[in-house]
Amino acid sequence: MLDDAALSAIYRETFDKGILFSQLNQHLKFAVTDGKPGGIIIDGDNEVYSVAENMAYIDQFGPELINGQHFNFIIEIEQRTHPRPEATPRFNLVCGIAYFQRGNLYKAIELLKLAQQKSEVFEQDIQAMLTYTLLNAKFLLGIMSKDDFENEMSKITENQDSGTFFEIEKAYNEISSNRVKPADGIKALYTTINDIIKKDEKNFHMRITAYAKILDAEAVILFHELEMNFTYLINRVKDPLKSQTYLEWLELEAAYLKRMDALLEFAMDNKYFLAVSNLASSKIMWNYKRIFHSHLFQHWKKNSFQLDKALNKEDFEILLNGLVKLDKIAGTYEMLEHRENMISCLNNKYEILHFIGQDEEIEVTKTKILEIIEANDFVGLKAKYNEMINGKTPHEKFIKDYTERINGIQKLMKKCGVPVYKESEDFFLKRKPEWSIKNFFEFDFIKL
């Protein structure tokens with residue numbers, strides 16, 4: 001169980017070791033020789049000698065340094081390697097990734113562009129990683145629009161040799177594209193994940209990330225179908241939370257959260273602390289979405305939600321506890337300079353605060369988010385921030401969209417002469433809903 005004591009222990013170890021990775025890091029790995037690195041010695045003085053030696057050192061051991069998350073050490077060497085002749089593509093790539101991970105995006109773009117000029121020396125998966133990192137830096141700085149970024153990303157995912165991360169993204173994106181039915185899309189994702197894991201069964205970090213992606217996709221489908229099935233209950237049932245629809249959904253939720261908790265435990269056992277933090281955040285946001293859905297569904301009257309109804313005490317306490325955990329996670333990201341992750345975490349905090357009406361804390365959180373965005377020139381994230389503070393939190397979007405949908409359906413039924421209340425309340429309470437996920441993907445936590 002991920003309680004406060006467990007979180008505190010994780011964060012203490014994270015601070016000591018400095019290994020809370022960025023979200024994509026375990027996909028941005030180079031192939032290196034088997035066994036432990038044999039030539040990397042980082043002494044107390046970080047002793048480095050000539051420009052030529054520095055470049056040769058990064059060229060030889062850069063991949064191992066990236067895999068080991070030694071970004072600051074790489075940057076120190078790059079800064080001492082001046083003036084220098086033309087550097088190798090690998091030197092520029094390694095240093096560019098290090099600057100990207102530490103938030104110096106302009107320097108990252110400069111070096112990654114140099115690496116891209118001779119990218120043909122890299123394998124296909126490394127080329128894809130290089131392109132992705134460069135695109136991401138441009139998007140964060142506002143050099144590239146969100147639409148252009150997504151278009152370029154789709155080109156990468158269409159390439160069959162782009163690597164595991166992009167294979168997973170392609171299958172995940174298929175689900176949200178509306179090109180396939182959710183039931184077909186989730187089965188395709190299950191198959192893709194299973195095939196990827198079989199290729200590298202000992203890579204536990206990749207396994208954890210892949211399973212987490214499955215949970216993300218399942219959450220989208222489960223909440224969407226809860227909303228769709230509840231369209232049959234609104235205005236027809238006094239207490240929709242006693243319906244067959246909601247009781248079955250709670251069973252699906254229980255099975256879903258059991259797998260999430262098991263994955264959290266597996267990530268902790270393997271000391272994959274970024275995954276622990278991400279999964280903990282995901283569980284907090286699951287609770288937030290489940291609570292605002294159930295609360296609002298209970299308080300629909302005629303043509304709209306009754307937004308003045310107070311949240312029950314138990315749900316309110318769950319959300320307050322989630323906010324405490326989000327603060328701990330955000331504090332960890334701040335200590336380790338993972339600014340994008342910190343913004344995402346604070347966005348989650350803002351959304352919960354807005355739902356429960358904590359106005360004073362909302363303003364503090366808004367200010368903090370904006371300070372990080374502006375301090376790092378994250379122009380690409382400014383648009384999302386502006387949307388969020390102007391009526392685009394998940395619960396606000398749900399209220400607006402669902403109200404329009406229900407009223408639109410009832411208006412159409414009235415226009416066509418179809419009686420809205422033809423069947424009895426008992427008929428709708430016992431109505432058998434349709435779910436796209438009937439059997440969840442089984443997580444295999446093998447121990448080697």
Side-chain angles (χ1 to χ4, degrees), residues 20-25 28 71 96-113 131-154 156 169 173 176 216 220 274 277-278 281-282 284-285 288-289 323 326-327 329-355 357-401:
L20 184 60
F21 312 147
S22 291
Q23 181 141 12
L24 192 60
N25 277 350
L28 306 187
F71 303 123
I97 291 173
Y99 277 109
F100 177 84
Q101 295 295 340
R102 284 294 172 260
N104 190 336
L105 301 183
Y106 289 109
K107 185 66 175 180
I109 288 175
E110 174 191 332
L111 292 166
L112 292 171
K113 280 185 174 180
T131 302
Y132 169 82
T133 309
L134 187 54
L135 290 173
N136 203 13
K138 289 180 178 180
F139 168 70
L140 289 172
L141 289 171
I143 298 171
M144 171 177 281
S145 69
K146 182 179 179 180
D147 288 342
D148 288 341
F149 174 75
E150 290 177 350
N151 288 336
E152 292 300 317
M153 277 294 297
S154 66
I156 300 176
E169 284 299 301
N173 291 339
S176 58
D216 288 345
V220 172
L274 175 69
S277 296
N278 287 343
S281 295
S282 292
I284 292 165
M285 297 310 290
Y288 153 68
K289 291 176 182 176
L323 290 171
L326 285 175
D327 279 337
I329 296 169
T332 303
Y333 291 146
E334 184 173 26
M335 286 284 290
L336 297 172
E337 302 180 55
H338 290 299
R339 297 175 183 87
E340 286 179 77
N341 288 10
M342 186 179 179
I343 290 172
S344 178
C345 188
L346 290 173
N347 285 345
N348 291 342
K349 180 180 179 180
Y350 174 90
E351 290 163 358
I352 295 174
L353 288 169
H354 188 279
F355 177 62
Q358 303 289 300
D359 293 340
E360 187 174 333
E361 276 295 306
I362 285 173
E363 292 304 315
V364 173
T365 304
K366 280 170 57 178
T367 300
K368 183 68 174 177
I369 295 169
L370 195 57
E371 285 176 353
I372 300 170
I373 288 174
E374 293 182 344
N376 294 278
D377 293 322
F378 288 163
V379 179
L381 299 182
K382 186 72 173 290
K384 178 176 173 59
Y385 167 82
N386 287 332
E387 286 183 356
M388 182 181 69
I389 66 171
N390 287 292
K392 292 293 182 69
T393 60
H395 60 274
E396 288 176 291
K397 288 192 291 185
F398 169 72
I399 290 168
K400 180 178 181 296
D401 294 345

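Starting from 1, each residue takes its place in the sequence as its number.
- Nearest heavy-atom pair across Ala137 and Ile109 is CB-CG1, 3.7 Å.
- Legend: residues meeting side chain to side chain contact (heavy atoms under 4.5 Å, CB included) with Glu110, ordered by chain and number and at least two apart, are Lys107.
- Taking both residues in full, the closest heavy atoms of Ala108 and Gly96 are given as CB-O, 3.5 Å, listed atom of the first, atom of the second, then distance.
- Every residue two or more places apart in sequence or in another chain that forms a side chain to side chain contact (heavy atoms under 4.5 Å, CB included) with Leu140 is listed here: Phe100, Leu105, Asn136, Glu340, Phe378, Leu381.
- Leu353 contributes atom CG, which lies 10.5 Å from atom OH of Tyr288 (distance to the nearest 0.5 angstrom).
- Ile352 and Met285 make their closest contact through CD1-SD, 4.1 Å (heavy atoms, listed as atom of the first residue, atom of the second, distance).
- Within the model, atoms OG1 of Thr393 and CG of Asn347 stand 11.0 Å from one another, a figure rounded to the nearest 0.5 Å.
- With sequence neighbours left out, Ser145 forms a side-chain hydrogen bond (donor to acceptor under 3.5 Å, both in side chains) with Asp148.
- Note: Asn348 CG to Ile343 CD1 = 12.0 Å, rounded to the nearest 0.5 Å.
- Lys400 meets the side-chain hydrogen bond (donor to acceptor under 3.5 Å, both in side chains) test with Glu404; sequence neighbours excluded.
- Of all heavy-atom pairs between Pro394 and Glu351, the closest is CD-CD, 3.5 Å.
- In this structure Phe355 satisfies the ring-ring contact (aromatic ring centres under 6.0 Å, His included) test together with His395, sequence neighbours excluded.
- Among residues two or more places apart in sequence or in another chain, the salt bridge (Lys or Arg N to Asp or Glu O under 4.0 Å) test is passed with Lys368 by Glu334.
- In this structure, Ile329 and Ser277 approach most closely via the heavy-atom pair CD1-O, 3.8 Å.
- The OG1 atom of Thr131 lies 10.0 Å from the CE atom of Met153; values are rounded to the nearest 0.5 Å.
- Under the rule for a ring-ring contact (aromatic ring centres under 6.0 Å, His included), the partners of Phe398 that lie at least two apart in sequence or sit in another chain are Phe292, His293, Phe297, Phe305, Tyr402.
- In this view, Glu152 and Lys155 satisfy the side-chain hydrogen bond (donor to acceptor under 3.5 Å, both in side chains) rule, not counting sequence neighbours.
- Considering only residues two or more places apart in sequence or on other chains, Glu363 meets the salt bridge (Lys or Arg N to Asp or Glu O under 4.0 Å) condition with Lys366.
- The minimum heavy-atom distance linking Leu112 with Ile97 is given by the pair CD2-N, 4.2 Å.
- Applying the salt bridge (Lys or Arg N to Asp or Glu O under 4.0 Å) rule to Glu361 yields the partners Lys349; only residues at least two apart in sequence or on another chain are considered.
- Rounded to the nearest 0.5 Å, atoms CG (Leu111) and OG1 (Thr133) are 12.5 Å apart.
- Pairs engaging residues 369-392 under the side-chain hydrogen bond (donor to acceptor under 3.5 Å, both in side chains) rule: Arg339-Asn376 [sequence neighbours left out].
- To the nearest 0.5 Å, the span separating CG on Leu370 from OG1 on Thr365 amounts to 12.5 Å.
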